[in-house]
Novice: 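Pasting a structure here, questions to come.
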Amino acid sequence: MGHSKDLATNNITRNNFSEKTSTLGHKALRLEEDLIFELDSPGITGVDFPNFRSKKDKLGTLKRRTKIGLPGLSEPEVIRHFTRLSQKNYAIDTGIYPLGSCTMKHNPRLNEKLARLKGFSNLHPLQPIETVQGALELIDETANWLKKLTGMPAIAMSPAAGAHGELCGMMAIRSALDARDGPDSYRRRVLVPESAHGTNPATAVVCGFKVDSIPANSSGRVDVLSFKEKLGDDVAAVMLTNPNTCGLFESDILEISRLIHECGGFFYCDGANFNAIVGRVRPGDLGVDCMHINLHKTFSTPHGGGGPGAGPVVFSEALASFVPRPWVVSRENGFSIIENDEDKGDLSPIGRMKAFHGQMGMFIRTYAYLLSHGGDGLFQASGDAVLNANYIMAELCDYLSPSYDGPCMHECLFDDRFLDGTGLTTLDFSKAMIDEGYHPMTMYFPLIVHGAMLIEPTETESKKSLDDFITVMRQLAIDAKSGENNRFLRAPEFTPRRRLDETKAARQPVLRWKEKGNAQIKASQQ
Amino acid sequence: MRYLPLTESDRQDMLSAIGAGKIEDLFRDVPEEARLINKIELPDHKSELEVEEIISNLSEKNIDTSGVPSFLGAGAYRHHIPAAVDHLIQRGEFLTSYTPYQPEISQGTLQALFEFQTQVSMITGMEVANASMYDGATACAEAVLMATRITRRDKVILSGGLHPHYKDVTETQTRYLNLNIINRKTDIDGSENLDLLIDDQTACVVVQNPNFLGHLKDLTHLSDLCNNLDVLLIVVVTEVVSLGGIISPGEMGADIVVGEGQSLGNPLTFGGPYVGLFATHEKYVRQMPGRLCGQTVDNQGSRGWVLTLSTREQHIRREKATSNICTNSGLCALSFTIHLALLGEIGFRKLAELNHSKALQLAEKLSELKGLRIINKTYFNEFSVKLPRPASDLVTSLAKKSILAGVPLSRLISDDPELNNVLLVSATECTTEQDMDALVEALDEEF
């Protein structure tokens, strides 16, 4: 989850108050670092190759004769460059990362080790089936766990991320409607709550649907009356996140599910927040027809600075025959994989979501996570996630302004009413958190409350970590209300870079380094 | 439960601060009939030692490409990854950070993405590139969508030389958008009469180079034809190492270049995660899908980086976004960037040369076999051979001798019996002369 357009109103003020400077711009452990293109030593390379003799080529007329322009660096320079870059990042390894809806929890290192076993990492996706039985078994086992945890009978493992899973699920719904009502079916309207992730409406459109938003009621949930009014025989589906993006369980979920089915539509559940209910509530029991699971959230595969993710989708009986290729089947004589339409039997797969079989590296990590936690651990993990969020909510509700009454699920939502009259915004508050050593929570999302602050601590934070966070948040709230605006407006001050000019970046896009022009603006310039 | 830091007394203290008796009370908004009464039947938690044993046992049931002669390619290639790559991407600050939405504490990820975008632009010969896509196939589908947005036309022509999975994904992803997708049986290279195919309703032509069967095509003429009719030329590259040895798609006049970046820095891992490359002209940047990192300054005037042009994206534009994509392939893009930074100009070109030389050597050895015919006149590190028997039978039979002989085309194209005897083989810097001799000998025994 990210921020919204309010961000463009960044307060960019040139702040020339004196600060001690160093010769090259370094500040002790905060080291300036040029781009690799500016570190170029022509003729140098960081990779040696065995000797070989060139033969007459078979490249036809296409042999490359021009320079590409890549810089030359030795191995030590590359190691130092990227190590320095890494030190400019906040990470879950360094501190609590309370981004609501993003689920930044601890990434177990065992999972990294196992994904790198050569029996997996050197496995080609098109090897003969007999040589990849262990891999297919792992996919099948992971799929079984996910089906059990969700109470759903079918699964597509291949989608590459949450939004990709949404696409897969909504395409299956579209196919099911076309199969049932004929391709001229006029069920083309998809109901999406105002609080939904942006991916939901964007996905519905890619599947040829029109989006109709449904308002929230005063308790932050789908307004069932408005929902009922929106129903009609042109409704294809409802896309609902549950627990929703306000961190609340949709308490009328069974009613909503009954209504959408009665009206002839399907129930898509955005599973981004599945981590709150794992082992306690099965989406299948809520009447969900399909739901994607963000393995990089709920099952702790690393976010890696923005991916890769993995977004398997579970399906109800009604949609099971539309699951995309490929899928693994377990037979008496071993596992096999259905890759082509010729082998699909009676099923009507929507097609193929990506090349090969899906994010295998993420399946290995997920399976390791599932086995490590076990059924009992997963149950405790969702409980602790919800406990931690409610604890933060309870400890901060007198300082910040909670948007809705509790209890919340795995994340708690505040808005900016507590900043009324201070002249400060959610953005200013967030930037001040950075100087305190914290990554801010999700800001300005969901859109249904003003200046949203969505905090998700996850189950992998200790009580000490939560207490420190609470102390800082309280202090900042007190400072904001007592008119100490400079510490907010100037923030962040202790970071490698201060507030960045996002308007300039968008108005005059510079999306790559170029030999001329850029060279003058060296990183060391201060 | 080694990943859970709360003690039982922590939980009690926190519950009393909240004013709840037990954790279950916090779930009171869940309708009672939806709450599980019994725990789901699953095994209890396991020690690290046990998990390692279970998953290692599964990995050992596989025969992997590092232990046996392997000639598999078809869009995924085994290359040597320098040790520094995996070391660096496992730094927690890269591995365990989120999308760089707070730029002041994400300059590491952002600068690396800026370097990635520059490298991708350089090797594809294009002006700009995005911060990566899920994989090559989904990048291809997104390129087609982008072309229909730019041209406001709905006819899409897919060359027969395009990887079957890429066609499949493109057709799947666009099937509800009322596009007119023409799936050509034969390869398109510009030498055929395209007048009947390309018209004023055509948004784009999608070709692959080297194509799926390994052939290299000069696309300059095709690009001219497209250009004359304002049709966009999309060029797909599934083996990115080839760009170190052959003229880039940009130099041949491509409008959008998409590719699979796995070959640089990313292990095979049975098909994913990989990294999709996406590059185009600067003038189309606002129609591009996916994240973009841009250069700017902070309020002290120092150079820095931010995610930019996000008004194209779903989290701002919602149903009007250019794509529904949110996640990119960040860590795989970082592996790509580190590997390519290590290679540099000299290393990248040498890697390409070495790959080609291995393929030449393999072709030379295979051509000694009677009954086998090398189909390609041109190729980079992969080519197709015609066998006297169905390729899948031979592959199965050689697998029993622990040789991964290549990809039988029937695995990917199941509806064309003419291709049953065709095998796609590739050689990379990892392929040894002993591997090649083992393949030749085993095939000889089969014929």
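Labels below follow one simple rule: chain letters A, B, ... track the order of the sequence lines, proteins then strands, and each chain is numbered from 1.
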Novice: Charged N to carboxylate O under 4.0 angstrom, B:Asp86 versus A:Arg116?
Specialist: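 Yes, B:Asp86 and A:Arg116 are salt-bridged.
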
Novice: Among A:Gly305, A:Ala202, A:Ala161, which has the most heavy-atom pairs under 4.5 Å with chain B?
Specialist: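 Answer, by heavy-atom pair count under 4.5 Å with chain B: A:Gly305.
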
Novice: Return the orientation label for the B:Tyr3 and A:His106 ring planes: parallel under 30°, perpendicular over 60°, tilted otherwise.
Specialist: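 Tilted.
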
Novice: Does any heavy atom of chain B fall under 4.5 Å from the side chain of A:Pro492, the backbone, both, or neither of them?
Specialist: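 Answer is side chain: those atoms of A:Pro492 sit under 4.5 Å from chain B.
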
Novice: Does a donor on one side chain and an acceptor on the other come within less than 3.5 Å for B:Arg91 and A:Ser86?
Specialist: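 Present: a donor and an acceptor within the cut-off.
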
Novice: Does the pair A:Arg352/B:Asp168 count as a salt bridge with the N-to-O cut at 4.0 Å?
Specialist: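 B:Asp168 and A:Arg352: salt-bridged.
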
Novice: When you check the gap from the basic side-chain N to the acidic O, do B:Glu93 and A:Lys88 get nearer than 4.0 Å?
Specialist: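 The answer is no: the pair does not qualify as a salt bridge.
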
Novice: Check the angle between the aromatic planes of A:Tyr97 and B:Tyr98 and answer parallel, tilted or perpendicular using the 30° and 60° thresholds.
Specialist: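 Rings of A:Tyr97 and B:Tyr98: perpendicular, over 60°.
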
Novice: Is there a salt bridge (charged side-chain N to carboxylate O under 4.0 Å, His left out) between B:Lys61 and A:Glu137? Walk through the geometry before answering.
Specialist: CA-CA 9 Å; B:Lys61 288 186 186 176; A:Glu137 186 175 341; 2.6 Å; yes

Novice: B:Thr269 and side-chain contact (heavy atoms from CB on, under 4.5 Å): which partner among A:Met360, A:His124, A:Gln359?
Specialist: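 That would be A:Met360; it is the only one of A:Met360, A:His124, A:Gln359 passing the side-chain contact (heavy atoms from CB on, under 4.5 Å) with B:Thr269.
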
Novice: Thinking salt bridges, do A:Asp384 and B:Arg11 make one under a 4.0 Å N-O criterion?
Specialist: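 Salt bridge between A:Asp384 and B:Arg11, a charged N being under 4.0 Å from a carboxylate O: yes.
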
Novice: Under a 4.0 Å N-O cut-off, is there an ion pair linking B:Arg411 with A:Glu339?
Specialist: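 Yes, this pair counts.
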
Novice: Among A:Gly351, A:Gly375, A:Gly304, which residue forms the greatest number of heavy-atom pairs with chain B at distances under 4.5 Å?
Specialist: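 Highest number of heavy-atom pairs under 4.5 Å: A:Gly304.
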
Novice: Are side-chain N/O atoms of B:Glu251 and A:Thr66 paired as donor and acceptor at under 3.5 Å?
Specialist: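 B:Glu251 vs A:Thr66: donor-acceptor pair found between side chains.
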
